[in-house]
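Inspection log for the structure reproduced underneath, given as structure tokens.
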Amino acid sequence: MYLPIRVFCVNILLVSIMETPTKNIDKSKSQIKSRERVANHGEVFTAEREVKAMCDLVKDETERIESRFLEPACGDGNFLAEIINRKLIVVSKQYSKNPDDWEKYSVLAISSIYGIDILSDNAQVCRNRLFEIWNKEYLKNCGKKLSEERKSETERTVRFLLDRNILCGNALSLKEVDENQNDTSNPIIFSEWSLVGEKLKRRDFAFNDLVNQDFANEEGSLFSDLGDTAEIFSPVKEYPLVHYRRVYEQSE
């Protein structure tokens with residue numbers, strides 16, 4: 001039985017974004033890209049110190065390889081970069097002596113990271129940033145131990161996972177957006193990835209189905225994979241198991 005995306009820190013992250021002051025911001029700390037973007041989109045990036053402190057509130061989960069995180073206004077990935085760095089440290093601690101396992105569990109770590117941003121350039125920068133973090137560690141741990149063909153295949157899969165997990169959309173309306181940040185009629189669709197041996201199972205869920213539930217307003221997380229009460233949702237599409245290095249073959 002598979003469970004859909006578990007969402008951590010959504011309320012904390014949204015409060016942080018909404019309450020970050022837009023006055024007297026030090027641009028040298030890269031908290032804003034331009035005053036125009038702040039005015040037009042309310043775009044203010046959370047500083048590294050606050051990112052680390054907020055992730056420390058759920059420290060155990062940031063260090064659990066398979067624990068799923070969604071950032072509903074991910075920007076260029078400050079929170080997600082911190083989380084994937086923490087996960088990869090754990091992967092290296094546990095699997096540094098076995099490049100096959102390091103590769104597999106690093107792919108699982110990438111598959112657990114989700115983000116939404118209304119600006120397409122932010123979403124793409126976030127994807128690239130997460131890929132570069134992963135690829136640097138991948139080459140350090142596996143670069144001399146695995147074939148070039150295999151590395152190319154795994155890199156292609158990680159790119160595909162990030163394309164599926166870091167989406168351009170409106171986290172408030174739960175819709176995809178066009179090039180002018182206007183809502184489209186298409187719902188945001190997320191893929192759930194579950195590791196089964198050497199294979200990944202993909203199931204696609206409509207984000208509005210996941211959050212428009214009575215129980216989602218209760219105390220605690222939206223979904224759980226820790227054994228407590230959780231809703232079981234129906235996927236909009238389900239895919240056959242595929243080897244984790246060939247997930248990209250499921251591109252549509």
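Positions are given from 1 along the sequence. The shown structure was predicted, so the numbers you read here are calculated from the model rather than taken from an experiment.
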Is there side-chain contact between [X] and [Y], with heavy atoms separated by less than 4.5 Å?
| X | Y | value |
| --- | --- | --- |
| L195 | E66 | no |
| E71 | I116 | no |
| N165 | L70 | no |
| P187 | L174 | no |
| N122 | C74 | no |
| D204 | R164 | yes |
| V177 | N182 | no |
| I133 | N85 | yes |

Does the pair V247 and R202 meet the rule for a side chain to side chain contact (heavy atoms under 4.5 Å, CB included), with working shown? CA-CA 9 Å; V247 172; R202 174 184 173 185; 5.8 Å; no

Just by modelled atom types, is the K59 backbone N or O under 3.5 Å from a matching donor or acceptor in the D56 side chain?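 Side chain of D56 to backbone of K59: no pair is present.
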
Taking S112 for its side chain and A109 for its backbone only, find out whether a donor-acceptor pair lies under 3.5 Å.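 Between the backbone of A109 and the side chain of S112 there is a qualifying donor-acceptor contact (under 3.5 Å).
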
Kindly indicate, with the supporting measurements, whether the criterion side-chain hydrogen bond (donor to acceptor under 3.5 Å, both in side chains) is fulfilled by T184 and D178. CA-CA 6 Å; T184 69; D178 61 23; over 6 Å; no

How long is the straight-line distance from [atom2] of [Y] back to [atom1] of [X], given to the nearest 0.5 Å?
| X | Y | atom1 | atom2 | value |
| --- | --- | --- | --- | --- |
| R246 | E249 | CZ | CD | 5.5 Å |
| E179 | L119 | CD | CG | 13.0 Å |
| S67 | E61 | OG | CD | 4.0 Å |
| N135 | T154 | CG | OG1 | 10.5 Å |
| C126 | I113 | SG | CD1 | 9.5 Å |
| E155 | E148 | CD | CD | 8.5 Å |

NZ/NE/NH1/NH2 to OD/OE distance under 4.0 Å, E153 and R156: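 No, E153 and R156 are not salt-bridged.
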
Taking the basic N atoms (NZ, or NE/NH1/NH2) and the acidic carboxylate oxygens, is any pair closer than 4.0 Å for E63 and K87?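 No salt bridge links E63 with K87.
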
Determine, using ring centers only, whether Y114 and F190 are less than 6.0 Å apart.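 Yes: the rings meet the under 6.0 Å criterion.
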
Determine the minimum heavy-atom distance between [X] and [Y], stating which atoms define it.
| X | Y | result |
| --- | --- | --- |
| G143 | K151 | O-NZ, 2.6 Å |
| F79 | C55 | CD2-SG, 4.1 Å |
| R127 | L162 | O-CD1, 3.4 Å |
| C142 | P99 | SG-O, 3.6 Å |
| D117 | A73 | OD1-C, 3.9 Å |
| V91 | S106 | CG1-N, 4.1 Å |

Which of these passes salt bridge (charged side-chain N to carboxylate O under 4.0 Å, His left out) with D100: R150, R245, K145?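 Option passing the salt bridge (charged side-chain N to carboxylate O under 4.0 Å, His left out) with D100: R150.
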
Quick check with a 6.0 Å cut-off and a 45 degree axis cone: is R159 positioned over the face of Y248's six-membered ring?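 Cation-pi check for R159 and Y248: fails.
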
Applying side chain to side chain contact (heavy atoms under 4.5 Å, CB included), run through L161 and F131 and close with a yes or a no. CA-CA 10 Å; L161 290 171; F131 177 82; over 6 Å; no

Mind telling me whether W102 and Y138 have parallel, tilted or perpendicular rings, with 30° and 60° as the class edges?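 Y138 and W102: parallel rings.
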
Should the pair Y105 and Y95 be assigned to parallel (<30°), tilted (30 to 60°) or perpendicular (>60°) ring geometry?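 Parallel, since the angle between the ring planes stays under 30°.
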
Tell me, with the steps shown, if E132 and K136 meet salt bridge (Lys or Arg N to Asp or Glu O under 4.0 Å). CA-CA 6 Å; E132 291 304 323; K136 179 181 178 181; over 6 Å; no

With the 4.5 Å side-chain cut-off for hydrophobic clustering, are W193 and I189 part of the same group?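 As far as the 4.5 Å side-chain criterion goes, I189 and W193 are not connected within one cluster.
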
Full working for side chain to side chain contact (heavy atoms under 4.5 Å, CB included) between V107 and V158: CA-CA 7 Å; V107 168; V158 169; 4.2 Å; yes

Is there a side-chain hydrogen bond (donor to acceptor under 3.5 Å, both in side chains) between Q124 and N128 once you walk through the steps? CA-CA 6 Å; Q124 188 57 52; N128 291 340; 3.0 Å; yes

Would you sort out whether R129 and N78 count as a side chain to side chain contact (heavy atoms under 4.5 Å, CB included), showing the intermediate values? CA-CA 9 Å; R129 182 178 180 183; N78 286 355; 2.8 Å; yes

